[in-house]
> 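Pasting a structure here, questions to come.
Hydrogens, waters and symmetry mates play no part in the numbers below; they use all other heavy atoms, side chains included.
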Amino acid sequence: MLSETLNRALSEQVNAEYYSAYLYQAMSAYADRAGFKGIANWLSIQAKEEMAHGVRIYEHILERGGSPSFNDIKAPPSSYNSVREVFEKVLAHEISVTARINQIASLSVQENDHAAYNFILWYVKEQVEEEKNAKDIIAKIAIMGDNTGLIYHLDMELAGRTFTDPFPVEAADTTAG
Ligand SMILES: [Fe+2]
Ligand SMILES: [Fe+2]
């Protein structure tokens with residue numbers, strides 16, 4: 001059974017993951033309208049992943065006998081000046097999400113809730129990946145400078161991203177019976 005404190009922290013994290021999705025969808029709209037369809041694709045898939053992160057936390061709350069609470073999702077900024085600014089904001093946002101996840105991990109330890117701790121470790125690992133992905137793209141943009149031709153090259157690269165469910169149903173489950 002989840003403690004009240006963890007129930008609240010996890011519910012707030014569901015909200016935060018949905019906000020991430022909303023933020024990245026808004027960034028995707030900016031990229032699309034600026035003509036960067038590949039970058040828009042990457043950000044849109046990122047938004048889908050964030051939704052999946054939120055749903056998985058929501059499921060965990062229910063699995064543990066908790067009660068998810070739902071709050072307003074704030075509006076994300078919708079105007080950006082450049083692709084570089086977008087990815088710098090992605091990185092800054094992911095760093096803030098990492099801090100939130102770490103706080104939930106610490107809270108799980110404090111409350112001696114090993115199940116919650118074990119659950120949130122997936123997110124701890126995921127955040128390392130999320131920050132790295134944003135940093136790698138920013139590094140590429142730094143090399144490209146203001147060369148629009150090179151940015152189009154990045155656009156083509158990011159067009160290749162496809163959505164993979166971060167929580168696929170295990171093969172054993174689908175073949176069982
Ligand atoms: Fe996430
Ligand atoms: Fe993320």
> Please report the interatomic distance OG1(Thr164) to NZ(Lys48), rounded to the nearest 0.5 Å.
11.0 Å
> Is the centre of the Tyr19 ring less than 6.0 Å from the centre of the His93 ring?
yes
> So, do Val97 and Ser20 sit near enough that their side-chain heavy atoms are less than 4.5 Å apart?
yes
> Please report the interatomic distance CD(Glu126) to CD(Glu131), rounded to the nearest 0.5 Å.
11.0 Å
> Let's go through Arg56 and Glu17 carefully: what are the C-alpha distance in whole Å and the side-chain angles of both, what is the deciding distance for side chain to side chain contact (heavy atoms under 4.5 Å, CB included) to 0.1 Å, and is it a yes or a no?
CA-CA 10 Å; Arg56 186 66 196 98; Glu17 299 288 348; over 6 Å; no
> Taking side-chain hydrogen bond (donor to acceptor under 3.5 Å, both in side chains) as the test, write out the residues that go with Asn133, two or more places apart.
none
> Tell me if the centroids of the rings in Tyr24 and Trp42 come within less than 6.0 Å of each other.
no
> Asn81 and Glu85: which non-hydrogen atoms are nearest, and at how many Å?
N-OE1, 2.6 Å
> For a side chain to side chain contact (heavy atoms under 4.5 Å, CB included) check, start with the C-alpha distance between Glu130 and Lys125, then their side-chain angles and the critical distance, and finish with the verdict.
CA-CA 9 Å; Glu130 295 273 69; Lys125 194 166 163 242; over 6 Å; no
> Going by side-chain hydrogen bond (donor to acceptor under 3.5 Å, both in side chains), name the residues that satisfy it together with Arg100, two or more places apart in sequence or in a different chain.
Gln13
> Centre-to-centre under 6.0 Å for Tyr152 and Phe36, is that the case here?
yes
> Taking the side chain as every heavy atom from C-beta outward, state whether Ser69 and Arg8 have any pair of such atoms under 4.5 Å apart.
no
> Can you classify the ring geometry of Trp122 versus Phe167 as parallel (below 30°), tilted (30 to 60°) or perpendicular (above 60°)?
tilted
> Show which residues join Ile45 in its hydrophobic cluster (side-chain heavy-atom contacts under 4.5 Å, direct or indirect), or state none.
Phe163
> Are any of the side-chain nitrogens in Asp136 or Lys140 under 4.0 Å away from the carboxylate oxygens of its partner?
no
> Report yes if the side chains of Val14 and Pro68 come closer than 4.5 Å at any heavy-atom pair, otherwise no.
no
> Hydrophobic clusters here meaning ILVMFWY residues chained together by side-chain heavy-atom distances under 4.5 Å, can you tell me if Leu10 and Leu62 are in one?
yes
> Could you label the plane-to-plane angle of the Phe119 and His60 rings as parallel, tilted or perpendicular, counting under 30° as parallel and over 60° as perpendicular?
parallel
> Do you know the tightest heavy-atom contact between Gly38 and Asp155?
N-OD1, 2.9 Å
